[in-house]
Amino acid sequence: MNVDLALVFFGVLVFAAHLFASMYNRKKIPDVLLLILIGLLVGPVLHLIRTENMGVGGPVFVAITLVVILFEGGTSLSLKVMQSAWKSTMQLTLFCFFLSMALVTCIGVLFGLELLGALTLGAILGGTSSAVVIPLVRILDMGEESRTVLVLESAATDVLCIVFTLSFLHAMEMGKLQVGSIVGNILSSFVLAGMLGFAGALVWSRLLTRIRKLQNSIFTTPAFVFVIYGVANLLGYSGAIASLVFGITMANIDTIKNKILIKVMGGAGHQLNKTEMVFFGEIVFLLKTFFFVYIGISIEFSDVRSILTGLIITFVLFFGRVLAARFFSPKTAGPFDKTVISMMVPKGLAAAVLAELPVAADVAGGEFIKNVTYSVILFSILFVSLMILLVDKSRFVRHAFERMLGSNTDSTESIFMHDVERYGDKEDAEDEMPYARSPYMFLQRKRKEQIAKAEKSKQETLQDKNPQKENRIKPE
């Protein structure tokens, strides 16, 4: 591609990303979907850009995007909410991962893969993508605990996908599957990576006030996160978990009361200031824009069989996810939160990277595994984007989700009430609003009528107990 045209394309893409974000706020058309479609157009359709043209720059860019999104996502998590959400997170994460892996394995066997090859495909597609989930849940009006569960799940399943995929590939080479090795790798990857991210945050908190005195120092915090991520991966741990824990610790470092840790930090911990958080938010927006376009460019359409398999897997994973959302959602999750949890099946970076390993290891069916994975990445992201749009626009779809998730569609706890509260500050002009005759406003009016009736009954009771003066008999 011509350099001048490339610069024009990048500039127009940034403006388009802002336009798409505005369209999501007004029309509920997901910007993720539109960005992927742009990638598909300039990549597989028109062949203007190929992933091979990016060389090593493509994987490096994807890794940088993942690090920054995980770190920035971690800074939005409250330690208090995490303490109440950890049980729900563990239940949802483990159930969804192993159920997804089992379902995909069965489909893989049906389409001709050997058992270990099918298990490898199941492990690759067992998780959710942090780079997709975190930006989506940040713009959805969810409860804090539900949002926390989804963010933690996306980071944890990346680790599970990596460990299980590598273990199954190793089992193919050795001719046997070692369960103890898998468990040990998972524990070390989680615990040691978390410790590294926590220790890094303590050190950075101590250095932060001195670093701020330097000129042009605002990008030093992301740079330090890159170091943490790289060191964790080089040591064989999870860089994703280390980055997430670093962000969580920096966001909650003022809650640390341990004297030894305070001494390590050189006093009370220093959080990131508002300017730094706004800057990181801008970086995430920019990286997210190019990441989803890159995903669209990276999709490969090699054969109809792999595309069909990917489509079937996406639908099967969704129905499995609905089952998990119904029984393993946080207790505080309402119908809307459960609906979002049930839709979160997107695959992304981890799946795309792991899909290359069976081909590199010359595994039987490796090319088929790779092509199916890319198909599922495309279909799963498209599916999530479209479902978010339909849930917001279609009463029928909302009712369908409520029935599947076991919610009472006639109660005031219905998913409709989510929008009643969202638009409640506009109630004075409800007759002029386009949704004035929608179920949202109907339920709102019903609730207002009930409150007015109760208030009137209360006033009548008070009047009976305290007769007015004019009704009293005046003495002569």
Start with the C-alpha gap between F290 and L286, add the side-chain angles, then the distance that decides, and say whether side-chain contact (heavy atoms from CB on, under 4.5 Å) holds. CA-CA 7 Å; F290 290 106; L286 193 62; 3.7 Å; yes
Candidate pair F164 and I124, rule side-chain contact (heavy atoms from CB on, under 4.5 Å), full reasoning: CA-CA 8 Å; F164 274 89; I124 292 172; over 6 Å; no
Does the pair I283 and E72 meet the rule for a side-chain contact (heavy atoms from CB on, under 4.5 Å), with working shown? CA-CA 9 Å; I283 294 176; E72 202 262 349; over 6 Å; no
From CA spacing to verdict: side-chain contact (heavy atoms from CB on, under 4.5 Å), I211, F224: CA-CA 12 Å; I211 294 293; F224 191 77; over 6 Å; no
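Judged by distance alone, with hydrogens and angles left aside, the side-chain atoms of K347 form a donor-acceptor pair with the main-chain N or O of L125 at under 3.5 Å. Checking side-chain atoms of N273 against main-chain N and O of E276 turns up a donor-acceptor pair under 3.5 Å. The closest donor-acceptor contact from the side chain of S243 to the backbone of V67 lies at 3.5 Å or more, if one exists at all. In terms of modelled atom types and a separation under 3.5 Å, the side chain of S205 and the main chain of L202 share no donor-acceptor contact.
Of all non-hydrogen atoms in M343 and V384, the two that sit nearest each other are O-CG2, 3.1 Å. R321 approaches I341 most closely through the heavy-atom pair NE-O, 2.7 Å. When all heavy atoms of P346 and V133 are compared, the closest pair comes out as CG-CG2, 3.9 Å. Of all non-hydrogen atoms in R147 and M142, the two that sit nearest each other are NH2-O, 3.3 Å. Between P358 and T120, the shortest heavy-atom distance links the atoms CG-CG2, 4.2 Å. The heavy-atom pair separating T89 from E153 by the smallest distance is CG2-N, 4.2 Å.
Residues F246 and F198 place their aromatic rings such that the two centres sit no closer than 6.0 Å. Aromatic pair F71/Y229: ring centres not closer than 6.0 Å. Aromatic pair F61/F291: ring centres not closer than 6.0 Å.
Note that R305 lies outside the cation-pi zone of F111, set by a 6.0 Å cut-off to the ring centre and a 45° limit from the axis.
Between L34 and I38 the shortest side-chain heavy-atom distance does not fall below 4.5 Å. V231 has its side chain out of reach of Y237: every pair of non-hydrogen atoms, C-beta onward, lies at least 4.5 Å apart. Between L169 and V363, the closest side-chain pair of non-hydrogen atoms falls below 4.5 Å. Counting heavy atoms from C-beta on, the side chains of W204 and T220 come closer than 4.5 Å. Looking only at side-chain heavy atoms (C-beta outward), F279 and T275 stay at 4.5 Å or farther from each other. By the 4.5 Å heavy-atom criterion applied to side chains, S375 and L311 are not counted as neighbours. In this structure, the side chains of F383 and V345 come closer than 4.5 Å at one or more pairs of heavy atoms.
The local environment of CZ in F315 is sparse, with at most 12 non-hydrogen atoms from other residues, nucleotides or ligands closer than 6.0 Å. At most 12 heavy atoms of other shown residues, nucleotides or ligands fall within 6.0 angstrom of atom CE in M90. Within a 6.0 Å radius of CD1 in I260, other residues, nucleotides and ligands contribute 12 heavy atoms or fewer.
Using modelled atom types, one finds no donor on one side chain facing an acceptor on the other under 3.5 Å when comparing S306 with N371.
For the atom pair NE2 of H18 and CE of M23, the computed distance is 15.0 Å after rounding to the nearest 0.5 Å. Remark: L323 CG to C96 SG distance equals 9.0 Å, nearest 0.5 Å. Atom-to-atom distance recorded for L152:CG and I248:CD1 is 5.5 Å, nearest 0.5 angstrom. Note that CG of L354 and CG of L121 are 11.0 Å apart. Values are rounded to the nearest 0.5 Å. Rounding to the nearest 0.5 Å places OG1 of T309 at 8.5 Å from CD1 of I107. We find the CG-CZ distance between L405 and R326 to be 7.5 Å, quoted to the nearest 0.5 Å.
Just one of I297, I36, T65 meets the side chain to side chain contact (heavy atoms under 4.5 Å, CB included) condition when paired with F292; it is I36.
We find that E145 and K331 are not joined by a salt bridge, their nearest charged nitrogen and carboxylate oxygen being 4.0 Å or further apart.
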